[in-house]
Amino acid sequence: MSLFSDAQAVIPGGVNSPVRAFAGVGGEPVFFRRASGSRFTSEDGREFIDYVGSWGPMILGHAHPDVIEAVVSTARDGLSFGAPCVLETRIAAKIRAMLPSAEKVRMVGSGTEATMSAIRLARGHTGRDKIVKFEGCYHGHSDSLLIEAGSGALTLGVPSSPGVPASLAEHTITLPYNDIDGVENAFAELGEQIACVIVEPIAGNMNMVPPVPGFHETLRRECTQAGALLVFDEVMTGFRVARHGAQGLYGIGPDITTLGKVIGGGMPVAAYCGRADVMASVAPEGPVYQAGTLSGNPVAMAAGLRTLELIDSEDFWTELSAKTRKLVDGLAAAAGGAGIPLAVEAEGGMFGLVFTDDGPVRSYAQVAAADIERFKAFFHGMLDEGIYLAPSAFEAGFVSGAHSDDDLEETIAAAAKVFKTL
Ligand code: KE4
């Protein structure tokens, strides 16, 4: 028996989220019992430098003392009220201060809930049914969006899921990421039927794929001209790639932004936000219904608010970006030294590693054509060296403010050793 087989006896697939099951890399997942700073410790006492960070939220590192204190002190005053509390107002105001396009903010419990609600809002606000998404982008598991999705859906090789009615899927138009002509053609043909375009401004669920010049400008122009809404899904990139999100990096103003991960600091928090006139359609102010028992939960708000307060400085972002750049440059040099083709990307605290000689990677097709088997061997080699990477070739990696130069150098040295075995 193993911890995994025990879990499989009572949980589907032994996990509460598919990508954790190591299906994309083989072997049994590691079970962890505690985490602190840049590292966590497995149930069998092994220590790992962590580059998953709970899939993005742990931007300050694990168990940051100020965040823990905020959680503990807030919890002592009650876990949940189901009634308004001032912390909800404060975090909404903080998000608006950090993200100028977020004139109004609705808190929810997960990124899926945020994007599902954003789609419903776009459809309700415009009176239109069609939505546009991009192949390889993952926006959570709501029906309209689980079409040619990335992340775990890609890892399991099922980019579209059973259980999504064809009558619903037909309203989702899927285009290749970074395909400017494809976007212009779709709008030329169906523009007046399109409620919104939803896009990861930097795709992080087919490894890491940045936008090509003009891609976001095209989305913005076509949406404006057609009366469709532009939804930036920044659940991953928001306050992860830059102080003001990917929209701040690219100078694009979306109509709606979805957020998650970092804004909860490790607690279940997400949000959708945007133009006041659009958000005015959300109940109870408007007719588009959305609700949640634990939305705006005070303990979760306290964790997210403290996290945002601690990362909202130029120094934090300068230092984090330099760490991530040092990591990927070191990995690229080590791979080169071993004759291993490796394409790397880095933005803020997010990075991508693709085993291909066809870089830079700007499309799903390039990721799909990369050497997945070599990635699997690299993943396990690094795991044996005490380095924990995302257990999938279709995921991005994350550096935190707690990662030290020693951590980075230890990681690069481990990679140099592992590359020689590939
Ligand atoms: P959640 O429902 O998992 O909180 O968020 C869904 C979501 C929405 N949008 C983007 C851009 C996302 O990356 C995600 C979730 N990301 C995955 C990892 N790439 C979560 C990990 C998991 O599924 O366990």
Side-chain angles (χ1 to χ4, degrees), residues 10-12 15-18 20 54-58 67-68 70-96 99 102-125 138-146 152 161 163-164 168 198 231 233-236 238-239 256-274 276 278-308:
V10 290
I11 303 171
V15 292
N16 283 311
S17 197
R20 303 177 192 169
S54 183
W55 303 96
M58 310 320 295
V67 177
I68 297 298
V71 167
V72 170
S73 60
T74 305
R76 284 204 183 94
D77 289 336
L79 295 179
S80 182
F81 306 146
C85 74
V86 171
L87 277 167
E88 296 170 86
T89 309
R90 289 178 55 200
I91 195 171
K94 184 64 180 172
I95 289 170
R96 193 169 73 169
L99 213 56
E103 294 174 342
K104 287 287 185 78
V105 183
R106 169 58 62 87
M107 306 308 293
V108 294
S110 71
T112 293
E113 202 180 346
T115 57
M116 174 179 69
S117 305
I119 296 299
R120 184 181 311 131
L121 171 58
R123 285 171 162 158
H125 186 78
Y138 177 71
H139 305 289
H141 61 86
S142 66
D143 284 351
S144 285
L145 292 168
L146 208 50
S161 170
V164 178
L168 187 59
I198 184 167
V231 182
D233 178 359
E234 295 223 46
V235 166
M236 182 184 291
F239 314 123
I256 301 172
T257 300
T258 52
L259 298 168
K261 297 180 191 279
V262 167
I263 70 166
M267 297 288 278
V269 178
Y272 61 110
C273 50
V278 172
M279 296 299 287
S281 294
V282 177
E285 190 172 339
V288 179
Y289 196 73
Q290 177 267 311
T293 302
L294 295 176
S295 297
N297 170 274
V299 180
M301 296 298 99
L305 179 59
R306 195 72 191 102
T307 298
L308 292 175

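Just so we're clear, the structure is a prediction, and the values are computed from it rather than from any experiment.
Note that the CE atom of Met116 and the NE2 atom of His139 stand 14.5 Å from one another [nearest 0.5 Å]. Here the straight-line distance linking atom OG1 of Thr74 with atom CG of Asn297 works out to 9.5 Å at 0.5 Å rounding. Distance check, rounded to the nearest 0.5 Å: NZ of Lys94 to CD1 of Ile263 gives 13.5 Å.
Closest non-hydrogen pair, Ala270 versus Ala114, comes out as CB-CB, 4.2 Å. Residues Leu87 and Ala302 share a closest heavy-atom pair of CD1-CB, 4.2 Å. Between Arg123 and Leu168, the closest heavy-atom pair is NH1-CD1, 4.5 Å.
Paired with Val105 under the rule side-chain contact (heavy atoms from CB on, under 4.5 Å), one option of Ile95, Thr89, Ile91 passes, and it is Ile95.
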Legend entry - Verdict with reasoning, Arg120 to Gln290, per side-chain hydrogen bond (donor to acceptor under 3.5 Å, both in side chains): CA-CA 9 Å; Arg120 184 181 311 131; Gln290 177 267 311; over 6 Å; no
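Glu88 places a side-chain N or O within donor-acceptor distance of the main-chain N or O of Cys85, the cut-off being under 3.5 Å. Under a 3.5 Å cut-off, the side chain of Ser110 and the backbone N or O of Glu113 do form a donor-acceptor pair. Checked by atom type and distance alone, the side chain of Thr112 pairs as donor or acceptor with a backbone atom of His141 at under 3.5 Å.
At least one side-chain heavy atom of Met279 sits under 4.5 Å from a side-chain heavy atom of Arg106. Taking 4.5 Å as the limit, every side-chain heavy atom of Thr307 sits out of range of all side-chain heavy atoms of Phe239. Side-chain contact between Leu146 and Tyr138 is present, with at least one heavy-atom pair separated by less than 4.5 Å.
Within a 6.0 Å sphere centred on OH of Tyr289, heavy atoms belonging to other residues, nucleotides or ligands number 12 at most.
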